[in-house]
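First up is the structure itself, then whatever we jot down about it.
Reckoned from all heavy atoms, side chains included, excluding hydrogens, waters and symmetry mates. Here is the naming used below: chain letters follow the sequence lines, and residue numbers restart at 1 for every chain.
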There are 2 protein chains.
Amino acid sequence: MQKASNGTRARNRPEDQLGRKEGRTVSRQVLADHVYEELLASLMDGRLEPGTAVSIDGTARELDVSPTPVREALARLEHTGMVRRVALKGYRVAPVFTREDFADLMEARLAIEPVNARLACTRLNPHRLAELEQTVADLKSAPRGPSFAEYKDYLEADERFHQLIAQQTDNQFLVGAYAALGGQVQRFRLFGGVGITDAENAIAEHQSVLDALSGGDPEKAGAAMAAHIQKVRERAMADAPEE
Amino acid sequence: MQKASNGTRARNRPEDQLGRKEGRTVSRQVLADHVYEELLASLMDGRLEPGTAVSIDGTARELDVSPTPVREALARLEHTGMVRRVALKGYRVAPVFTREDFADLMEARLAIEPVNARLACTRLNPHRLAELEQTVADLKSAPRGPSFAEYKDYLEADERFHQLIAQQTDNQFLVGAYAALGGQVQRFRLFGGVGITDAENAIAEHQSVLDALSGGDPEKAGAAMAAHIQKVRERAMADAPEE
DNA sequence: CATGTTCAGATCCTATAGGGACGCCTCAGG
DNA sequence: CCTGAGGCGTCCCTATAGGATCTGAACATG
């Protein structure tokens, strides 16, 4: 049982161990934070499929840490809805969306996001507008192949666009409310396994939201966002398998 | 070091140990769940004041459990915004609301709750309507003394009213979004330490939301809810200390 | 007086041990 | 062949040990 000083076992990639940059501790991260991010990435990337059990001990072995930080990371993850826990039975990845779940999610987004867009519009500054423009540009240039690795960037840019708008409301509660949905939005990708089939339409809609924002018309921005979400819903419901 | 078999240390009040009723395990709860609920109650009741440090080891000693379940409970709690964590420094109770925080919270509620009311109205059934009526009755009959213990019931009924409406949307995401805010709504009580000064007005507003719901007019229900939240904001902002 | 240093106690964090529950496989008996 | 009991491994859960880190106070120095 080889172990270093303490609290730091011999690890495969010691360079990405703690939140250090050029030898100086910057952000003071602990092991549980790393496990959290690792698990979150696995969930988002689809490496962990819905329904799969996420064993505490197994994950600990895999990441070469003790079960304690894994337990803590999973406790945090549970609150995001990405994993579910049954007492004494462990965690498993939340199940796939049904059509009803998806409709509910869109209904919730329809309640929150147009408000975000409206408020963001009244508080927009040039720097943040530039970020949004960059994100839309990323969206346009992202590859859209059939496999997940190929449309990953596209999805990330999409998610970032909506998240930026939430952040620009300067309202921590709206950011929080969107974040609670945001994790789910990502999971939607697993909904029936449909790829990106509506990129052209979606990009145009994002662009029109952006135009309304930069035009400084809050009502128009809210309406554009509402229209976008409704269209996304319609297209997805048409595409999705009956199940 | 006296200890029972394992996983169950000698405890002061063995009767409230696990989720047991008449000796049979009913809900399969684990220690971390109990710690979570205990901490949540302390937070909600105001026994833990904002800014106070919540020591892991100290809480463990106090509840007579090991630090492991406490750590897990706090990890979950952090995601609700009730406590904040700084790596290697521990947890402390989230700071009091400022006027801006409060305004933001009301803005967020204004985005979500009228939608909830509208949707709840379209999906209301007699049983659930009765629950709502009972809650408004509770609100009317609750004592409203100056100390926290005296207006605790009032606040609970108030919170329950809004929560019931969220649940009646039958939309897990809207319930989740409201729940994320709900914890904060409770914390608002600490905002300046003002007691219940607007009970008569608030009760009338709740009643009119209920009337609109039972009347089956979604638009009216949404409008009544929006009006209620706006009034709450106005009254609180007028009452609240300048700071 | 102001500032930097040292040291002790509290606290955080991770690892590890070990009990109980559950599932799976084997294997004996009908 | 089918069935049920028992062994074995895995996993969850909690407790405990001990190194790492922070905090605050006493103390030294310019």
Quiz item: For Val115(A), which residues count as a side-chain contact (heavy atoms from CB on, under 4.5 Å) partner, sequence neighbours excluded?
Solution: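 Checked Val115(A) against side-chain contact (heavy atoms from CB on, under 4.5 Å); matches are Arg118(A), Leu119(A), Ala111(B).
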
Nucleotide N/O of nucleotides 7-12 of chain D paired with protein N/O under 3.5 Å:
unit_1	atom_1	unit_2	atom_2	d
dC11(D)	OP2	Arg61(A)	NH2	3.0
dC12(D)	OP1	Ile56(A)	N	3.3
dC12(D)	OP2	Ile56(A)	N	3.0
dC12(D)	OP2	Asp57(A)	N	3.3

Quiz prompt | Atom-pair distance (CD on Glu62(B); P on dT11(C)), nearest Å | solution =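 For the pair Glu62(B) CD and dT11(C) P, the rounded distance is 12 Å.
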
Exercise. Mind calculating the distance between CD (Glu72(B)) and P (dC12(C)) to the nearest angstrom?
Key: 17 Å

Sequence neighbours left out, what passes salt bridge (Lys or Arg N to Asp or Glu O under 4.0 Å) with [X]? Give chain and number order.
X	answer
Asp33(A)	Arg76(A), Arg85(B)
Asp138(B)	Arg160(B)
Arg92(B)	none
Asp170(A)	Arg128(A)

Quiz item: Choosing from dT14(D), dC13(D), dT16(C), which nucleotide comes nearest the side chain of Ala32(B)?
Solution: dT14(D)

Exercise. Would you indicate, yes or no, if dA15(C) has its OP1 or OP2 atom less than 4.0 angstrom from a side-chain nitrogen or oxygen of Ser66(A)?
Key: yes

Self-check item: Parallel, tilted or perpendicular: rings of His79(B) and Tyr36(A) (30°, 60°)
Solution: tilted

